[in-house]
> 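Okay, here's the structure, questions in a sec.
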Amino acid sequence: MARKTATMEAGTGAPVERVPGLERLPAGPALFVGRRTELAALRAAAARPAEGRSPVLVLAGRPGSGRTALAVRFAVTVAGQYPDGVLFARLSAPDGGRVPPARAARRLLEQLGADTADVPLPGAAGDGRDDPACVALRAALAGRRVLLVLDDVRDAGQLWPLLADEPGCLVLATTAGPLTGIEDIDPVILGGLDRTAAAELLGDLVGGTRIGCDPVGAADLAEACGSQPAALRLMAGRLRGKPELAVTEAAKELLGAVAEAGKAEPEGVKEGVKESAAAVEPPAGKGKGERGKGRRGEAVPAPEPAAAVAPPAEPARDPAAWVRPGPEPAEPVPVPDNDPLVGAFTLAYAGLTAAQARMLRALTLAPAQSADPRTASALVGCPAPEAATTLAALAERELLAEEPPAADGTARYRVPGRLHPRLVRLREREDRPAEIELARARLLERLVRLTESARSLLDPSEGAGPDPLPGPLRLKSAAHAREWLLGERDPLLGAVADAIGQGDLDGSAGRLVTALLRSLPLTGAAAPADLHQLHELVLTVAERHGRPRRASAALLNLGDLQAAAGRWEQASGHYRAALEHARTADDEALCARALEGAAGCHRALGDAVRAADWYGRALGVRQSMGDQAAEARLLARVAEAHAAQRRFDEAEREYRASLSVLRRIGDERGREAVAAALAELRERASTGW
């Protein structure tokens, strides 16, 4: 069946195909119709002069209204006006979880090509506008013309830390609810498609002849769907899968399914859902795209829907007034059970084969609900080619959203957030807990093997990797391995965090953490924040299972990361905690490392007295171990701490002791360095320094 894509005018500026970052946007539907009024409203808002900070456009609509597809379409048309690139981040997980703005800022910085290794790790203060990653993002956007597309924003607290003091940038945010608290925002509120666009969408998805032969049935079906794009697509998928089903009968089926779903929900819950959803409903008569009906078959034309645009707010000149204190983040706007989207999903799910339904439910266990044939085949325990066929069939039925393909061309799919809660309920009802746990275990083991395979390709000197994977799963080269690791980094981190959070698969999760810690640095693009997260997960598992030696090692690594970022107070806290675990494990080597790390923090903070004390304690441990190389190094550190206190005689004594040890072990380079430091000390002492 042929599909067409609505043509739209390109924006002015650089040619769209030359704007970097367009490939980061979601693939979006192959067919896009209607929304001319909303697009015009967005263009008009974007053209308004901006002062002080990046202007913000907001698309608000209930789940299934097509807000992401419209945002992508608009971004493509105006991308030419932003030659420095297009950035994209999704600020909600499919299950409605809130993505912290600091995490989004780090990903946006990476898309800009910034080196996140120089960005300090998040502090204890949390995720506000002063977070180092958010500060670095705003600084990186200064003087640039960049389009930021932020999808599924939960609340203003996620958005405002990302807003740069750069009027040349544009922020386009989609949300299911109002973003109260940020000044100068004119939301464009989405309702259903207009009657013409709804009919065109059905015709192109199902087939023009089938729809054209039954215009009354098509109109009934569009009205039963509330003219919502997601519900229309699901019903179109059902009609494609059942050629014998009449369009009129499909509309009756949908009305019946919606009525049954509405009865299933308790009255109190339904009222709560209505109140939550009302926040994004257009005013009466606006944006609904509904048609009135007279006698049977007679359609009363409805006016072209207009995008609901709030009156422009008074521009806020003072940056401190850009954001007003707001309430705590609201819960995700749910899809009520009497929504046409729920009825359409119920019918679409009922038409699946057992294998397809099982795959769809299992994909809610995938990291970030995003999967390719490699991970999908592990979840259901089938060959990768079979998984690829099933994924494509689910996408054809509009039950999965297509993601941009992986770097090697592998197709990728995502469970739409609007369907995720329903699928989780189905999974909990239809799949046994043992089957769910087995699927999660298979997925983790598959990810471990893929990660270890990538490590062996990137660094063959580390030894042979695991047994070769089957051909369709195999990583072919070092370049392929690097692309896979970087492309799958977020799902990999999400998988291990989810597994350790649930606490029932710590063995597999621990192996995946180890594999990632060995593999990610080999890509040359390992972000310190990601390594920090992995070491924190190691610490969680170690403390849960009472393994003080492993906990101490994790804390030492966390301390090293904080020290490398110049966060000496935080690093010192990690080193002290590592020392306690090391003493519990009676591990002298870990004790010495922790003591030396804490001493280095005191030295960096300018506390020479405490630095000398902690270096001296570390020296005593190394001497008891017989580690002469470490002994010589620590003697020199103690000498430096004495010199900082103007205790020149003690400093010279320690330098001479260090030289004696280095002479004994034959370290000529070390002797030269310490001798030079000793000569400098004598020169400073003689000149009265």
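In what follows, every heavy atom counts, from backbone to side chain, and hydrogens, waters and symmetry copies are set aside.
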> Any sub-3.5 Å donor-acceptor pair from Arg550's side-chain atoms to Ala542's backbone N or O?
no
> With side chain to side chain contact (heavy atoms under 4.5 Å, CB included) as the test, would you mind laying out the steps for Leu590 and Leu579 before giving the verdict?
CA-CA 7 Å; Leu590 291 175; Leu579 179 61; over 6 Å; no
> Please check this pair: side chain of Arg544 against backbone of Ile500, looking for a donor-acceptor N/O pair closer than 3.5 Å.
yes
> Working note: Arg427 + Thr364, criterion side chain to side chain donor-acceptor pair (under 3.5 Å); need CA distance, chi angles, decisive distance, verdict.
CA-CA 8 Å; Arg427 187 194 72 206; Thr364 59; 2.8 Å; yes
> Between Tyr575 and Asp560, is there a side-chain heavy-atom distance shorter than 4.5 Å?
yes
> For the pair Glu650 and Arg653, find out whether any cationic side-chain nitrogen is under 4.0 Å from an anionic carboxylate oxygen.
no
> Looking at Arg106 and Asp530, is any side-chain nitrogen of the basic one under 4.0 Å from a carboxylate oxygen of the acidic one?
no
> Distance from Leu556 atom CG to His574 atom NE2, nearest 0.5 Å?
10.5 Å
> In sequence, state the C-alpha distance, the side-chain angles, and the governing distance for Leu492 and Leu485, and then conclude on side chain to side chain contact (heavy atoms under 4.5 Å, CB included).
CA-CA 8 Å; Leu492 287 166; Leu485 276 171; 4.3 Å; yes
> Looking at Glu452 and Arg518, is there a salt bridge between them, counting it only when a charged N and a carboxylate O are closer than 4.0 Å?
no
> Distance-only, no hydrogens or angles: does the Thr540 side chain make a donor-acceptor pair with backbone N or O of Glu536 under 3.5 Å?
yes
> Hey, is Asp627 close enough to Arg633 for a salt bridge, meaning N to O under 4.0 Å?
no
> Apply salt bridge (charged side-chain N to carboxylate O under 4.0 Å, His left out) to residues Arg617 and Glu596 and explain how you reach the verdict.
CA-CA 8 Å; Arg617 294 162 65 184; Glu596 188 171 354; over 6 Å; no
> Measure the shortest side-chain to side-chain distance between Leu148 and Leu141 over non-hydrogen atoms and say whether it is less than 4.5 angstrom.
yes
> For Gly510, does its backbone N or O pair with a side-chain atom of Thr514 as donor and acceptor, under 3.5 Å?
yes
> Do the ring planes of Trp614 and His602 sit parallel (below 30°), tilted (30 to 60°) or perpendicular (above 60°)?
tilted
> If we only count heavy atoms from C-beta on, is the Glu640 to Arg603 side-chain gap below 4.5 Å?
yes
> Please examine the side chains of Val99 and Arg90, heavy atoms only from C-beta on, and report whether any two atoms are closer than 4.5 Å.
no
> Ignoring hydrogens, what is the shortest heavy-atom contact between Ser552 and Ala582? Give both atom names and the distance.
OG-CB, 3.6 Å
> Is it the case that more than 12 heavy atoms not belonging to Arg610 sit under 6.0 Å from its CZ atom?
no
> Does the Arg446 side chain pair with the main chain of Arg374, one donor and one acceptor, at a distance under 3.5 Å?
yes
> If we ignore hydrogens and angles and just use 3.5 Å, is the side chain of Ser519 paired with the main-chain N or O of Leu516 as donor and acceptor?
no
> Go through the side-chain N and O atoms of Arg664 and Gln628 and say whether any donor and acceptor fall under 3.5 Å apart.
yes
> Would you confirm whether His480, through its side chain, and Lys476, through its main-chain N or O, come within 3.5 Å as a donor-acceptor pair?
yes
> In terms of side-chain geometry, is the basic nitrogen of Glu435 or Arg432 positioned less than 4.0 Å from the acidic oxygen of its partner?
yes
> Using side chain to side chain contact (heavy atoms under 4.5 Å, CB included), reason through Arg412 and Glu488 one step at a time and then give a plain yes or no.
CA-CA 11 Å; Arg412 295 186 52 78; Glu488 298 298 311; 2.8 Å; yes
> What's the spacing between Leu635 CG and Arg637 CZ if we round to 0.5 Å?
12.0 Å
> Does Gln158 reach the main-chain N or O of Leu91 with its side chain, forming a donor-acceptor pair under 3.5 Å?
yes
> Donor-acceptor pairs under 3.5 Å, side chain of residues 665-672 to any protein atom, not counting sequence neighbours: which ones?
residue: Asp667; atom: OD1; partner: Arg669; partner atom: N; Å: 3.4
residue: Asp667; atom: OD1; partner: Gly670; partner atom: N; Å: 2.9
residue: Glu668; atom: OE2; partner: Arg671; partner atom: NH1; Å: 3.3

> Considering only NZ, NE, NH1 and NH2 on the basic side and carboxylate oxygens on the acidic side, decide whether Arg622 and Glu588 come within less than 4.0 Å.
no
> For Glu580, is there an ion pair with Arg583 - N to carboxylate O distance below 4.0 angstrom?
yes
> Between Gln111 and Leu87, what is the shortest heavy-atom contact and its length?
OE1-CA, 3.3 Å
> Do Gln502 and Arg440 come within less than 4.5 Å of each other through their side chains, counting heavy atoms only?
yes
> State, yes or no, whether a side-chain contact exists between Asp372 and Leu391 at a heavy-atom distance under 4.5 Å.
no
> So, do Pro367 and Leu443 sit near enough that their side-chain heavy atoms are less than 4.5 Å apart?
yes
> Is the side chain of Ser377 donor-acceptor paired with the backbone N or O of Pro373 at a distance under 3.5 Å, no angle test?
yes
> Treating Thr451 as the side-chain partner and Leu447 as the backbone partner, does any N or O pair qualify as donor plus acceptor under 3.5 Å?
yes
> Tell me, with the steps shown, if Asp490 and Arg103 meet salt bridge (charged side-chain N to carboxylate O under 4.0 Å, His left out).
CA-CA 11 Å; Asp490 285 349; Arg103 187 189 308 169; over 6 Å; no
> Got a salt bridge between Asp431 and Arg358, using NZ or NE/NH1/NH2 to carboxylate O under 4.0 Å?
no
> Given side chain to side chain donor-acceptor pair (under 3.5 Å), test Arg474 with Ser453 step by step and report yes or no.
CA-CA 8 Å; Arg474 198 171 300 166; Ser453 173; over 6 Å; no
> Who pairs with Ser508 by side-chain hydrogen bond (donor to acceptor under 3.5 Å, both in side chains), at least two apart in sequence or on another chain?
Glu445, Arg511
> Please indicate whether Glu569 has more than 12 foreign heavy atoms, meaning atoms of other residues, nucleotides or ligands, lying under 6.0 Å from its CD.
no
> Any non-hydrogen side-chain atom of Pro101 less than 4.5 Å from a side-chain atom of Trp160?
no
